[in-house]
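Whatever order the structure lists them in is the order used to number ligands and atoms, beginning at 1. Numbers here simply count residues along the sequence, with the first being 1.
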Amino acid sequence: MLVVMKSQATPEQIQAVCEHIEQLGFRAHPLPGAQRTAIGITGNQGEVDRGNIEELSGVAEVIAVSKPYKLASRDLKEEDTIIRFEGTDAQIGGRNLAIVGGPCAIESREQAFTIAEQVAAAGAQFFRGGAYKPRTSPYAFQGLGVEGLKIMAEIRDQFGLRIITEAIDNETLELVAEWADVIQIGARNMQNFSLLKHAGRMRKPVLLKRGMSATLDEFLMAAEYIMSEGNYEVILCERGVRTFADHTRNTLDLSIVPAVQRLSHLPILVDPSHGTGKRNKVLPMARAAVAVGADGVLVEVHHQPEKALSDGPQSIYPEQFVTMMNEIEQIAPVVHRTLPRGIHVESTTGVHDGSK
Ligand code: PEP
Ligand code: MN
């Protein structure tokens, strides 16, 4: 159920409706839009008796949402969600494209700083890197843990880049939420409902990767799990699904971008690194991702991919990252987007502008 408030409804009226919903034993999720606020109702098994709610002051109408996902749906919020990063001009969603670059895993301070410097110089605003790695083999490199998180926090201080890193379980979630700007939930965890709910209680944006065999509905329902706990800052990420095609590691399903955008207000990024698994296919698919209308791309970058401890074959060289930025910059205006170059951070040390 969804309560649509009148455009002139006051904050007090919105508050009163939320309290009424909570008194009925449900959860109220007020989501302000450009024209009006809508309040999602969750926690109800069947229909909520709309009679009383419709009579409350400031209420325009009460609508039943037919889709299984409510808070992620455009029925609740028509405008695209834009996620902003306090004290910076960086955003995910909206007109500006968000570019995330960095290694699969943080391997050492030197490795991470070398890559971060080049990612920042190319004008990206976000740096990625795993401190905790979900590996297929228990014998493979599992990440540097907290040390990796600290290295990334230093990178944020030095280059201004906002940090995205993965939480692999409830234990690492708390640490990641403390150190990072965006909590990544990986493909293998897309239906780890306990982790999703915990991430919903954090007050940091969550980058949710599509599970390798997840349908569109399952993907949006995973986002709904996070939102149902009160965290509305969810960024979706298409990273390829498993198919019979074996010329790539996964099949990058770009058509999910317009499909998501039709149904949901949440931003969606594309990861052509995991989506193809092959360095020579990352640039073409990154261009295609922007052309199809994605809100940005996430790519793995390594200065010595042959020595990388994970995902070397799909990591592009820093020079290729520069080429990618230049090409995306040219495609952006065709799809009514802009590629910001560099991140501006309000701080005592002045403005970071990676492009200079
Ligand atoms: C990653 O981003 O390095 C990663 C493990 O991604 P995914 O969960 O999409 O496999
Ligand atoms: Mn990886």
Side-chain angles (χ1 to χ4, degrees), residues 92 98-107 111-112 115 119 124 126-138 140-145 148-149 152 162-169 172-173 176 180-192 195-196 199 205-214 218-219 222-223 226 234-243 248-254 256-257 268-279 281-282 285-286 289 294 296-317 321:
I92 300 181
I99 311 295
V100 186
C104 179
I106 302 298
E107 300 168 4
Q111 172 250 17
I115 300 167
V119 162
F126 299 90
F127 181 72
R128 62 147 289 145
Y132 302 97
K133 295 305 301 175
R135 303 304 300 278
T136 302
S137 163
F141 176 60
Q142 306 282 312
L144 294 183
L149 296 177
M152 277 186 280
R162 297 300 99 173
I163 302 301
I164 302 186
T165 191
E166 181 168 352
I168 54 171
D169 49 30
T172 54
L173 179 69
V176 166
D181 299 296
V182 178
I183 304 162
Q184 177 172 321
I185 293 189
R188 290 157 193 81
N189 268 321
M190 193 208 81
Q191 285 191 318
N192 179 339
L195 184 60
L196 296 174
V206 177
L207 178 101
L208 176 67
K209 294 188 118 189
R210 181 183 180 187
M212 337 199 163
S213 64
E218 288 164 344
F219 195 15
I226 300 167
V234 179
I235 304 143
L236 302 168
C237 181
E238 160 61 27
R239 47 78 74 205
V241 288
R242 203 164 265 189
T243 68
T248 48
R249 179 178 177 187
N250 292 293
T251 297
L252 190 62
D253 178 17
L254 289 180
I256 202 164
V257 173
I268 178 163
L269 303 185
V270 168
D271 167 1
S273 300
H274 295 86
T276 66
K278 302 212 167 137
R279 182 175 311 124
K281 294 180 178 56
V282 173
M285 295 314 279
V297 297
L298 175 149
V299 292
E300 289 185 336
V301 184
H302 204 294
H303 62 306
Q304 291 174 321
E306 59 294 339
K307 291 195 184 149
L309 297 180
S310 63
D311 287 348
Q314 68 191 33
S315 300
I316 58 172
Y317 289 97
F321 187 74

Roughly how far, to the nearest 0.5 Å, is the CG atom of Asn192 from the CD1 atom of Ile185? 7.5 Å
Quick one: pull up CD1 in Ile115 and CZ in Phe321 and give me the separation to the nearest 0.5 Å. 11.0 Å
Shortest non-hydrogen pair, Lys281 vs Thr248, comes out as CD-CG2, 3.7 Å
CG on Leu236 to CD1 on Ile92, rounded to 0.5 Å: 11.5 Å
Of all N, O or S atoms in Glu300, the one closest to the Mn ion (ligand 2) is OE2
Those residues at least two apart in sequence (or on a different chain) that pass side chain to side chain donor-acceptor pair (under 3.5 Å) with Asp181 are Arg156
With the Mn ion (ligand 2) at the center, what angle do OD2 from Asp311 and SG from Cys104 span, rounded to 10 degrees? 90°
Side-chain donor-acceptor contact under 3.5 Å, Glu300 with His274: yes
Which pairs of nitrogen or oxygen atoms, taken one from ligand 1 and one from the protein, are under 3.5 angstrom apart?
{"residue": "ligand 1", "atom": "2 (O)", "partner": "Arg128", "partner atom": "NH1", "Å": "2.7"}
{"residue": "ligand 1", "atom": "2 (O)", "partner": "Arg128", "partner atom": "NH2", "Å": "3.4"}
{"residue": "ligand 1", "atom": "2 (O)", "partner": "Gln184", "partner atom": "NE2", "Å": "2.9"}
{"residue": "ligand 1", "atom": "2 (O)", "partner": "Lys209", "partner atom": "NZ", "Å": "3.0"}
{"residue": "ligand 1", "atom": "3 (O)", "partner": "Arg128", "partner atom": "NH2", "Å": "2.9"}
{"residue": "ligand 1", "atom": "3 (O)", "partner": "Lys133", "partner atom": "NZ", "Å": "2.9"}
{"residue": "ligand 1", "atom": "3 (O)", "partner": "His274", "partner atom": "NE2", "Å": "3.2"}
{"residue": "ligand 1", "atom": "3 (O)", "partner": "Glu300", "partner atom": "OE2", "Å": "3.3"}
{"residue": "ligand 1", "atom": "6 (O)", "partner": "Lys209", "partner atom": "NZ", "Å": "2.9"}
{"residue": "ligand 1", "atom": "8 (O)", "partner": "Ala187", "partner atom": "N", "Å": "2.8"}
{"residue": "ligand 1", "atom": "9 (O)", "partner": "Lys209", "partner atom": "NZ", "Å": "2.9"}
{"residue": "ligand 1", "atom": "9 (O)", "partner": "Arg239", "partner atom": "NE", "Å": "2.6"}
{"residue": "ligand 1", "atom": "10 (O)", "partner": "Arg188", "partner atom": "NH1", "Å": "2.9"}
{"residue": "ligand 1", "atom": "10 (O)", "partner": "Arg239", "partner atom": "NH2", "Å": "2.8"}

Taking atom types as modelled and ignoring hydrogens, do the side chains of Asp311 and His302 form a donor-acceptor contact shorter than 3.5 angstrom? no
